[in-house]
K.L.:
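Submitted below is the structure of interest, expressed as structure tokens.
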Amino acid sequence: MSARNILVINCGSSSLKFALINQAHSQPLLSGLAERLDSPEATLHWWRSSHIREHLALPGADHRIALEHLLPMINDACGGRLHGIGHRVVHGGEHFTQSCLIDDAALQAIRATVTLAPLHNPANLLGIETTLNLYPQLPQVAVFDTAFHQSMPEHAFRYALPEQLYREQGVRRYGFHGTSHRYVSQRAAEITGLAVGDSCWLTAHLGNGCSTCAVVDGQSRDTSMGLTPLEGLVMGTRSGDVDPNLHSHLARTLGWSLEDIERLLNHESGLLGLSGLSNDMRSLEQARSQGHRAATLAIEVFCYRLAKSLASLICALPRMDGVIFTGGIGENSPLVRGKTVFYLSLLGLSVDKVANARCVGGVTGEINPPAYPRILVIPTNEEKQIALDTLTLLNS
Ligand code: AMP
């Protein structure tokens, strides 16, 4: 059978990211994004393997119009041979423990999880419904951010709250970034010659959103994100863990509404809130090198909290085969990796300066000195994992 082509789609409320992946190519044949959809500034950006970027203004375009403009480009890039579509879906609740072919029952179950991810799942559904209309003959697959973490034991996923809230309202820890944690832990096993089913990793996905995960024998046993992607680490604009009483404190002392507090914790906190400067680690590293006090503190808090999270996840491992850094920050910041590992020296972890400096810009490698526990930098590839899941389901 010749190599097949899969279109991977990640729909946000006003954006649509896509990648056309061919089984035989390491790079997507075509990728890009449509942004600011439903506004006068809507624009479609795309680039082929050549990386030459092109764009087209689509004033007022919605997801459907953007996809309609994409159709001829996709057909052109794959010679009219598209075999399936894989969709990223943020929340699969407890219903989805793995990726699935999209049929009426799956659609209904995804709709039923909207209350758990009111910002994300409706956008994901919009993408699915649009492509089902445009490509009714093609098999489509949903790949859930939460599914990988459904293997967590109950003592890891339950909050210390009355059981009724869990049973009736689904209040529990779900975890996110599962596609990335799964991909890099499988790559780590591949690279080190260990079997996925007999290997234990701590993974740190550090992008705009950040989370850690304990992966045992190919399964998530605990993770830092919870009911929503706000729990856990310091992120670009998200606070991560705060005292839950902060809500009532702010409401009582400042008269803030729920919306004010949600905006604070999700969009004005994290690296941005601490530094008062930027949510972007590159800008903060530059400011730190020029002596900016708040940027220096933001990086220190980020690394310390990350180290604390990794140390706590040791509780979920029977042994440790290595720590993995991934995501924009994890793949590119020797400073963050070095500082984080410094806080973990009691676990016997250490970083080799030269190897650490070398692993940037998509370079995979070990950054520990010889004879120390493994620390790996592994570029994540969620699009590839979604395409692989889609191909697996097409074969089944
Ligand atoms: P992602 O969401 O995975 O694209 O990651 C975005 C984050 O990666 C942002 O905070 C970027 O500043 C950070 N990042 C990307 N490149 C670098 C770099 N060379 N050094 C430090 N941080 C980087």
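Ligands are counted one by one from 1 in listed order, and the atoms in each one are counted from 1 as well.
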K.L.:
Indicate, with yes or no, if the rings of His91 and Phe96 have centres closer together than 6.0 Å.
P.N.:
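His91 vs Phe96: aromatic centres not under 6.0 Å.
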
K.L.:
Please say yes or no: joined through hydrophobic side-chain contacts below 4.5 Å, possibly via intermediate residues, are Ile299 and Phe342 part of one cluster?
P.N.:
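Per the 4.5 Å side-chain linkage, Ile299 and Phe342 are not co-clustered.
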
K.L.:
Is it true that Arg282 and Asp280 have a side-chain N and a carboxylate O under 4.0 angstrom from each other?
P.N.:
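Yes, Arg282 and Asp280 are salt-bridged.
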
K.L.:
Of all residues at least two apart in sequence or in a different chain, which pass the ring-ring contact (aromatic ring centres under 6.0 Å, His included) check with His87?
P.N.:
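Applying ring-ring contact (aromatic ring centres under 6.0 Å, His included) to His87 gives none.
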
K.L.:
Compute the centroid of each ring, for Phe144 and then for Tyr174, and state whether the two points are separated by less than 6.0 Å.
P.N.:
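Not under 6.0 Å, so no.
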
K.L.:
One thing to verify: whether Arg88 and Asp389 come together as a salt bridge, which I'm taking to mean a side-chain N less than 4.0 angstrom from a carboxylate O.
P.N.:
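No.
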
K.L.:
For ligand 1, list the protein residues that place a heavy atom within a distance below 4.0 Å of one of its atoms, sorted by chain and number.
P.N.:
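Correct list: Gly207, Asn208, Asn279, Asp280, Met281, Arg282, Glu285, Gly327, Gly328, Ile329, Asn332, Ser333.
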
